[in-house]
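The next block holds one structure in the form of structure tokens; read it before the comments.
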Amino acid sequence: MTFLLTSCQVSGAGTPASSSAALPSAVAPLDEQARLLIDGGAVSAVVEVIWPDGQWSRAYGVRSLDTKDAAQAGDRVSVGTVTETLTAVAVLRLVDDRLIGLDDAVNTVIPGFEAELHPPGPVTVRELLGQTSGIPSHIPATNGGDPAAVAQPRPLEQALKDAGGRPWPASSVGTYQWDETNYVALGLLVQTLRKKPFADVVEEEIIAPLGLAHTSLTRIDLSQKDILHTYMTAHGQRIDTTDNIDTAGSPSEGLTSTMGEVSTFLAALFGGRLISPSSLAQMEKGAGPAPYALGIAKGPRGCTAGGSFHTAGDQGRAITAAVSSSDGRYTAAMALVPQPLPGTPEDPNADRQRNTITEQMFSTLGETINSLCGSP
């Protein structure tokens, strides 16, 4: 079935489960999914959909389990590894400015890369962007899910040193294996070649020009109200994990934003307003046959010739999923704060549960975009 919408703009906040007033039919599956997730115990959800003739946004649940204030459509949330897509843009702008090439090695460009990591050979910008470098993780396996272990600031240089204590076998190079250390290295590359802090580069080249007033790589100010609080449990005790002291400034997961501004960014990216056509083509092509391209994942073909692309963030806080058509004219983004779950060491099933939710979100977001742009 094909849906056609024109001149529609609907928004809502803290919508009760029984309300579906003025609901565009193409977004009905998203609305239903969000309500079901809230009914199943999720803390909050925020959704934003933008298409050429309209926009729809809605919030569900509460900002905080303590205050019980209703979530609002423009609330900010930690978007995790959606950050990597902005980092990829910052890197590709280096390529556009001829400061480095996609297939140039970074071994002697990034400070400490050779001395700390001992790579098995030349490592290129493309391999880091496409998660095919095989770089070892900077996060000790014993830290996952332990609030006391991970809730500490970690400078990029220190993260690179931490990764250096692990082997980097040549056999791992060339195969897709996601690890945020790839983007830690890319953040160092950006600030080395631009000669300024990574966060300043992203602010000056992406956030400010697009007018993303509620998007930041800085630490969250917990005194502000427009924040979706996130949670986990440890040994049966609920812990508020909203403070992003451990990830603020990270090129992999440091971004805080709204779903509307995530959509605005994707529209600008695929609309050709951030990087050159050649760099955008390389970004979409990726580093190999894996569904992950360069800082973005390839989606189904959908209703545009170039298909669709998606980005996601789930680093133990909120789960964020966003989808864009290849021309940037249709975007849909959703953030969900799930019910407080234990960390991986305490309950490995928690990760599987979050992954299942993420896949369901992507499926529904893709369905929405295809409905809006007329794909059967």
Side-chain angles (χ1 to χ4, degrees), residues 78-91 106 110 112-113 116-117 119 123-147 149-168 172-173 175-191 197-199 201-202 217 219 230 232 241 244-257 283 286-287 290-297 310-322 343-345 351 354-355 358:
S78 176
V79 297
T81 47
V82 170
T83 311
E84 292 184 355
T85 309
L86 278 79
T87 299
V89 168
V91 171
V106 301
I110 299 174
F113 195 87
E116 300 292 349
L117 297 175
V123 177
T124 68
V125 175
R126 188 188 303 272
E127 288 171 331
L128 291 172
L129 282 170
Q131 304 275 3
T132 61
S133 71
I135 197 169
S137 177
H138 71 89
I139 301 176
T142 54
N143 275 7
D146 180 351
V150 299
Q152 299 293 331
R154 182 176 293 169
L156 300 184
E157 294 83 358
Q158 183 58 52
L160 207 66
K161 282 186 177 182
D162 291 344
R166 296 183 172 190
W168 189 344
S172 66
V173 179
T175 301
Y176 172 77
Q177 182 177 338
W178 182 88
D179 195 284
E180 65 183 63
T181 312
N182 286 286
Y183 278 73
V184 168
L186 289 169
L188 286 167
L189 177 70
V190 169
Q191 66 182 31
F198 169 77
V201 176
V202 172
L217 279 165
R219 186 177 178 184
T230 57
M232 68 175 294
T241 60
N244 64 336
I245 184 174
D246 55 318
T247 60
S250 165
S252 176
E253 52 180 335
L255 199 71
T256 302
S257 190
M283 185 181 199
Y292 192 80
L294 302 183
I296 198 87
H310 60 251
T311 182
D314 177 14
Q315 296 303 104
R317 289 188 168 98
I319 301 172
T320 306
T344 304
D351 266 356
R354 296 174 72 97
N355 288 340
T358 303

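Everything quoted here is computed from the prediction, not taken from an experiment.
To the nearest 0.5 angstrom, T175 atom OG1 is 10.5 Å from E127 atom CD. Note: L128 CG to L294 CG = 10.5 Å, rounded to the nearest 0.5 Å. In this structure, NE2 in H138 is found 10.0 Å from CG in N182, a value given to the nearest 0.5 Å. The line from CD1 of I110 to CG of L117 is 8.5 Å long, rounded to the nearest 0.5 Å. Put simply, CZ on R317 and OG1 on T247 are 4.5 Å apart, with the number rounded to the nearest 0.5 Å.
V91 places a side-chain heavy atom less than 4.5 Å from the side chain of V190. Residues E253 and D246 are not in side-chain contact: their nearest non-hydrogen atoms beyond the backbone lie 4.5 Å or more apart. Using a 4.5 Å heavy-atom cutoff, the side chains of N244 and R219 are in contact. Side-chain contact between V123 and I135: absent, with no pair of heavy atoms (C-beta onward) separated by less than 4.5 Å.
Under the side chain to side chain contact (heavy atoms under 4.5 Å, CB included) test applied with T311, the options T85, T83, V79 reduce to a single match, T85. Results of the side chain to side chain contact (heavy atoms under 4.5 Å, CB included) test with F198 over L189, L188, L217, V184 single out L217 as the only residue that passes.
Although no hydrogens or angles enter the test, the distance criterion places a donor-acceptor pair under 3.5 Å between the side chain of W168 and the main chain of S133. A distance-only check finds no donor-acceptor pair linking the side chain of T230 to the backbone of A318 [under 3.5 Å]. T181 contributes a side-chain N or O that, together with a main-chain N or O of P136, makes up a donor-acceptor pair within less than 3.5 Å. Without hydrogens or angle criteria, W178 side chain to Q131 main chain gives no donor-acceptor distance under 3.5 Å. No donor-acceptor distance shorter than 3.5 angstrom exists from the side chain of Y183 to the backbone of T81, with no hydrogens or angles considered. At distances below 3.5 Å, not a single donor-acceptor pair connects side-chain atoms of Q158 with backbone N or O atoms of P155. With E116 contributing its side chain and K161 its backbone, the two residues share no donor-acceptor pair below 3.5 Å.
The minimum heavy-atom distance linking A293 with M283 is given by the pair CB-O, 3.0 Å. Heavy atoms only, all atoms of each residue included: T320 and S78 are closest at OG1-O, 4.0 Å. Taking all atoms of both residues into account, the shortest heavy-atom contact from P251 to G187 is CG-CA, 3.6 Å.
With a 6.0 Å radius and a threshold of 12 heavy atoms from other residues, nucleotides or ligands, Q177 has its CD atom at or below the threshold.
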